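First up is the structure itself, then whatever we jot down about it.
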Amino acid sequence: MTDMTSEVARRGPRSGARASRTPAGGALRSGGAPRSWKTRPLRRLTPWLFLAGPLLLLITFTYVPVGNMIFYSFTDWDGVSPDRRMVGLDNYEQIFTRPELFRVFFVSFYYLAASFVQIAIALYFATVLSFDLRFRNLFKGLLFFPYLINGVAIGFVFLYFFQDGGTLDSVVSWFGAGGDHAWLGSAESANTSLAGVSVWRFTGLNFVLFLGAVQSIPAELYEAAQLDGATRRQQFRHIIAPGIRPVLSLSVILAVSGSLAVFEIPWIMTGGATGTQTFVIQTIKLAFQFNKTGLASAAAVILLLIILLITWIQRRLVPDERTDLV
Amino acid sequence: MTTPAPPTARRPWIGTALVYLSLVVACLVVLLPLVVVLLTSLKTSREMTETGALSLPHDFLNLDNYVTAFQDGHMLTAFGNTGFILLFSISGTVIIGSLTAYAIDRFEFRMKKLVVALFLIATLVPAVTTQVATFQVVNSFGLFDTRWAPILLYMGTDIVSVYIFLQFMRGIPVSLDEAARLDGANAFTIYRRIIFPLLKPAIATVVIIKGITVYNDFYIPFLYMPSEELGTISTALFRFKGPFGAHWENISAGAVLVILPTLTVFLFLQRYIYNGFARGATK
């Protein structure tokens, strides 16, 4: 955010100079004010003509819903009937006091743990593949491809993969371990399996982001380090790690907010059964199956607040500074 | 990806071997579930009951399951709907994003900071959290269960593309605008004749990212287009769960049908896709 506003501030004076330069240039050519800029009201209106559509869409589909949602969260509205009653903080109280509503938060921890595994794997492969290796592009492609696959297809692929006596069981039995295991049978194993799917799916994105960051580090730095006799480990610690810090911090925040907002994979694979219900699944069910729009809105407001809080903390901890290596 | 790779340090062969081993294991982990589904899609239902998951199909050219999946799964309609939504939401996103970036980057106006802030703050609100209320907005426009609901939502809530356009716009010299202005071009002509054509690389990036996102999205069509004839490839595939139940050979064929276009696009546009995603996510 600071990056953007400072950018605007930086450009400010230059644009001002531009505005005052233009009439003079026009005068040189045509001996008067430039033709299309004669009318001042039109000139002031011009940017708004371009922004009208985008702003209208932005407000209609982002800000109006956020505003409405906060309002609904204080009502007992069912989403359909014309009458709704203000119930104050009742909905919020329910979410924090009814354990079955609050429990879904704990499912997020599986995905949170998974996303750290995912970041670690991605970091390892990004480091390894930024050096010269045979089949580098093939490995890159294979690691990234899962990220591009349709979520429903992935859900089915893994539903089949985890079946009793299915692929995973067969692979496990190669290594001598006992045959059938109901991977999606108990809450703990189901959540671990689903979190594993999300590692499979999203590692590629992290990998590509890290790879881009590693490769934007100038090659001379490595050469210099090697001349100084730095080991691989030292190179990683002192060149790569600081170079990718901004991307790493972005990944962490995406990991945290992403693990709170998991929906697709558990919805497709288990429908939220066997303790795999996540916060978003619960909210969708409350709103669209049980017609508890008020309660669902309160849940969504809580989720939104948590994500905003995490973003804010991250921005405090890791300011948007440019790490200058050269 | 044009930057040359840093030179390889001389190191013991065992280290290199371990690196290759880890890469091969990772590729197996990626490929195994996909290959198994491909194999399954080529099996007959009898083979399914008699053989294990990892066995090879008897006839590699058995495409019966694909025919069943394509016809009974209404995949043609699904591809049609997805194509329709893709066409409109991508062109909309490109126009909206470039207009916004042009207005923000090339003009000084009152409340500019507020407008920039509005776009910025919106990035912090994950769309998934506001769907309960967004649904009411869409419903009040009478757009529920029409293809315009997802199109408008994809167009209206995409801030990443605005960023990508903004970044590119900064690289286009202002002197070009000024020269055109001296020749009597108005702001819209400048946008259409100069800025928009110069934004081509950014447009390619946005088209790729948006295309993949829209093609794969499940959440929005699932919530906003429940009618069967409005199924997109995601929701149509999701419906396989019902009629095909435990017929994994058909479900697998459906999944492969959905994955194939992605694979084709990926193989042809690999490089642009990596760049696009790196640019999109880091803004």
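Remember, predicted model here, so these are calculated numbers, not experimental data. The sequence lines fix the lettering, A, B, ..., with proteins before strands; numbering per chain opens at 1.
- For A:Ile268, the parts lying under 4.5 angstrom from a heavy atom of chain B are both the backbone and the side chain.
- In this structure, the side chains of A:Phe50 and B:Ile104 stay at 4.5 Å or more apart for every pair of heavy atoms.
- Most heavy-atom pairs under 4.5 Å with chain B, from the set A:Tyr147, A:Phe161, A:Trp200: that is A:Trp200.
- Between B:Phe222 and A:Glu264 there is no side-chain heavy-atom pair separated by less than 4.5 Å.
- Neither side chain, A:Asn150 nor B:Thr262, offers a donor N or O lying under 3.5 Å from an acceptor on the other.
- Using a 4.5 Å cut-off between heavy atoms, A:Phe158 touches chain B through its side chain atoms alone.
- Within the 4.5 Å cutoff, the side chain of A:Trp48 has heavy atoms near those of the B:Val115 side chain.
- For a residue to count as touching a neighbouring chain, one of its non-hydrogen atoms must lie under 4.5 Å from one of that chain's; by this rule B:Leu257 does not touch chain A.
- Between the NZ atom in B:Lys112 and the CG atom in A:Leu51 there is a gap of 9.5 Å [rounded to 0.5 Å].
- Contacts of A:Trp312 with chain B are absent, with no heavy-atom separation under 4.5 Å from either backbone or side chain.
- Looking at B:Thr134 and A:Met69, their side chains never come closer than 4.5 Å, going by heavy atoms from C-beta outward.
- Of the atoms belonging to A:Thr60, heavy atoms from both backbone and side chain fall under 4.5 Å from chain B.
- In this structure, the portion of B:Tyr102 lying under 4.5 Å from any heavy atom of chain A is its side chain and not its backbone.
- For the options A:Asn68, A:Val214, A:Ile149, A:Leu260, heavy-atom pairs under 4.5 Å to chain B are most numerous at A:Ile149.
- Looking only at side-chain heavy atoms (C-beta outward), B:Val36 and A:Tyr160 come within less than 4.5 Å of each other.
- Looking at B:Val125, both its backbone and its side chain come within 4.5 Å of chain A, counting heavy atoms on both sides.
- Neither the backbone nor the side chain of B:Val265 comes within contact range of chain A; no heavy atom of the residue lies under 4.5 Å from a heavy atom of that chain.
- Centroid-to-centroid, the aromatic rings of B:Tyr219 and A:Trp267 stay 6.0 Å apart or farther.
- For the set A:Leu159, A:Leu49, A:Leu138, the entry with the most heavy-atom pairs within less than 4.5 Å of chain B is A:Leu159.
- At a 4.5 Å heavy-atom cutoff, the contact between B:Phe135 and chain A is made by side-chain atoms alone.
- Of the two parts of A:Leu308, only the side chain, counted from C-beta on, holds a non-hydrogen atom closer than 4.5 Å to a non-hydrogen atom of chain B.
- Looking only at distances, no side-chain donor or acceptor of A:Tyr124 sits under 3.5 Å from a matching main-chain atom of B:Ser22.
- For A:Thr293, the parts lying near chain B are the backbone and the side chain together; criterion is any non-hydrogen pair under 4.5 Å.
- At least one side-chain heavy atom of A:Leu148 sits less than 4.5 Å from a side-chain heavy atom of B:Ile273.
- Side chain of B:Tyr274 to backbone of A:Gly141: a donor-acceptor contact under 3.5 angstrom is found.
- For the residue pair A:Gln163 and B:Trp248, the shortest heavy atom distance occurs at NE2-NE1, 2.8 Å.
- Looking at A:Phe145 and B:Ile259, their side chains come closer than 4.5 Å, going by heavy atoms from C-beta outward.
- With a 4.5 angstrom heavy-atom cutoff, A:Val157 touches chain B via backbone and side-chain atoms both.
- The side-chain heavy atoms of A:Leu57 and B:Ile96, taken from C-beta on, include a pair separated by under 4.5 Å.
- B:Ile212 touches chain A through its side chain: at least one heavy atom from C-beta onward sits under 4.5 Å away, while N, CA, C and O do not.
- In summary, the aromatic rings of B:Phe240 and A:Phe156 are positioned with their centroids too far apart to meet the 6.0 Å limit.
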